[in-house]
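Each chain gets a letter, A, B and so on, in the order its sequence line appears, and its residues count up from 1. Here the structure is a predicted model, which means the values were calculated and not measured.
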Amino acid sequence: MMRIDVGAVLRHSANHPYANLVTRTTGAAVRKCIEEEIAAVASGTVVTLDFTHIVMMDYSCADEVVAQLLLDLERRGDDASSLVFHGITDAHLEAIEDVAVHHGLALVVHFADGAARLVGSVSDDERTVWQCVHARGPAAAEEVARDVARDAADVLLVLQALYTRRLLRRDGFTYAPIGVVA
Amino acid sequence: MTAVITVPSSLNDLSFEQVLDQMAEQPTDARVIVDARHCTFASPYGLTALLTLAQTRTAKPTLLPPEDQDKSSYWARVGFFAHAEDLYDIQGAVPRQRAPKESGYLLEITPIVKSDDVHTVVERIRDKATEILTEKLHLVSRATMGFTMTLSEACQNIVEHAGRGGWLAVQVYKYRERLHGRLAVVIAVCDAGVGFRRSLESSPRRPLTDRWDDRIALEAAVINGVSRFPEAGRGQGLKGIRGYVHRWEGKLSVRSGTARVAVVPKWDDDLALRENLAPFPGAQLQITIPEKVA
C-alpha cells in the first residue's frame, strides 16, 4: 500500500501554500506528480490518495486529478494499481461524483470519520454487493450471496465486475475491500 | 466628432444594454466619452462591464465619473477607478481607493488573467464567503463549497477561453424589488475576449447545424456543456455552475456577442433568451444566489 498526500503535492507543484485544488492547470500539474509516484510502485499496489489537507476541489480539478487518473488505470488494464480516495469531505464529494458519473467511472472514497462509500457510476447490485463485502470483510461469492439473499452465480458476476473495476481486491476465491485504512 | 455614451442612472446587467446600443454605432477607433455623471447605482456587472467596454476600444475613451461624491467614493472603494485609470482618460478628480470596509463587496473588482489569479481569489474569498453565505444568506455549509467552486469555474472561463484578461467582482446586497428585501450574493465575471462563438468555432464538438451564431454557441456551451477542447471531461465547469445555481434557486445569465441566455428562477421574470443584441466582444456572466427563507 502506498499513500500520497495530495495537499503536499499541491503545495509542491504550485510552489505556493494553497489549500484549494482549483484550476485545470493546477489539476494537471498535480496529476502528473501523482502519476510519477504511481509509476514507481509495483503493479497491483493499492495507492491511497489522501485529500485530508485539501479544503476544496473544483470540477476542473476533479476531472484532471480523479477522473483522469482512474481513466489511465482503466487503459492500463489488469496489472495496474488500484486507487482509494481518503480524507474526502462534502467539499470534495460533489465535484468527484459529477465527474465520475460523467465518465462512467466509480471509486472508493474514505471519509475523515472512517466511513467508506462507493461513488460514481454503479448499479444497485454493485452497490449492494460492495457494501456487503465492505461490512463483513473478505468473503467468497457464496457467503456474499447468502448475506444479500441472491443467487451465488449472479453475485459472482457482480463481484468479478467490481474486481475488474478495481473497487474490490481478489485473493483466490475471496473478495475483499481495498484500501482499508487502519 | 466625439460621441457621448450616456450611462443609465441605474447600471446593471440589463441596463448596460443601453450603453452597448449607443456604442454599437461607433467604430472601435472613434473617440467616445462615457458619461457616468448621473449614475447613482452600479452593480458588480455594471462596473466590470464598464472596464471591459474600454478594453474593446482602440482609442482610449474618456470617462466622466459620477458627480455624486458618495457614488464616486463607492466606485473608488470597490477598486473601479484604480483599474479604470489604465483604460479610460478619466476627467476630473476621483477619490482614492480606501479599505473596502463598507462597500458590501465580498471581493472588490479584481483582474483575472492567469490561473494563479483564480487561486488567489479562491484562497482570499473562502472564509468570508462561508461566513456570509451561512450567517446572512442562511445557506447550509455545503452551499458555501459549491459557491467557491462556482467562482473558480467562472473565472477559469476567462483564463482558458477568453484569450485576454477579464474582471471579477462579488457583492452582497439587498434585492428590494425582485426578492422583497432579501439579500443576495452576486458574482460578475466579464471579459472582452474571443467569446463563445469564436471559441467553439473550430471545435470538433461544435453542434452540427446550418445555423452557427452567438445564440447557438451559448446554448451549446451553457446548456449542453460543449467545450472547444475535444476531451470528454471538458465543459463540466459551466454545467456545474448551472447545477449549483439551480440547486440554490439562483439565477445565471451569460452574454456573448449578440446573444444572452439565462437560467431564470421563479423569483425573477427575465427572458431565458435574448438575441440580436448590440455586439459586444467576449463573455459576460452573472450569478445571483439569494438568501434562503424558511
- [ ] Check whether any side-chain N or O of Asp191(B) sits under 3.5 Å from a backbone N or O of Gly193(B) as a donor-acceptor pair, and report yes or no.
- [x] yes

- [ ] Would you mind telling me which of Ala91(A), Ala19(A), Ser60(A) has the largest number of heavy-atom pairs within less than 4.5 Å of chain B?
- [x] Ser60(A)

Open item on the list: Strictly less than 4.5 Å between heavy atoms, which residues of residues 112-124 of chain B line up against chain A? Please order them by number.
Closed with: Ser115(B), Asp116(B), Val118(B), His119(B), Thr120(B), Val122(B), Glu123(B)

TODO: State plainly whether the residues Arg255(B) and Asp13(B) are in salt-bridge range, i.e. N to O under 4.0 Å.
DONE: no

Task: Nearest atoms (heavy-atom pairs only) where Val122(A) meets Arg165(A) - done: CG1-NH1, 3.9 Å

Open item on the list: Check Glu36(A) with Lys32(A), please: is the shortest side-chain N to carboxylate O separation under 4.0 Å?
Closed with: no

Open item on the list: In terms of relative ring orientation, are Phe85(A) and Phe51(A) parallel, tilted or perpendicular, with 30° and 60° separating the classes?
Closed with: tilted

Task: Which residues share a ring-ring contact (aromatic ring centres under 6.0 Å, His included) with Phe280(B), sequence neighbours left out - done: Phe16(B)

Task: Tyr244(B) (side chain) donor-acceptor with Ala143(B) (main chain) under 3.5 angstrom - done: yes

Open item on the list: Given Phe147(B), which partner from the list Leu137(B), Leu139(B), Ile132(B), Ile187(B) fulfils the side chain to side chain contact (heavy atoms under 4.5 Å, CB included) test?
Closed with: Ile187(B)

Open item on the list: Is Ala67(A) close to chain B through its backbone or its side chain, or both, or neither, when contacts mean heavy atoms under 4.5 Å?
Closed with: neither

Open item on the list: I'd like to verify something: which residue of Met149(B), Lys239(B), Glu160(B) has the highest number of heavy-atom pairs under 4.5 Å with chain A?
Closed with: Met149(B)

- [ ] Would you mind checking which part of Ala62(A) comes under 4.5 Å of any heavy atom in chain B, side chain (CB onward), backbone (N, CA, C, O), both or neither?
- [x] neither

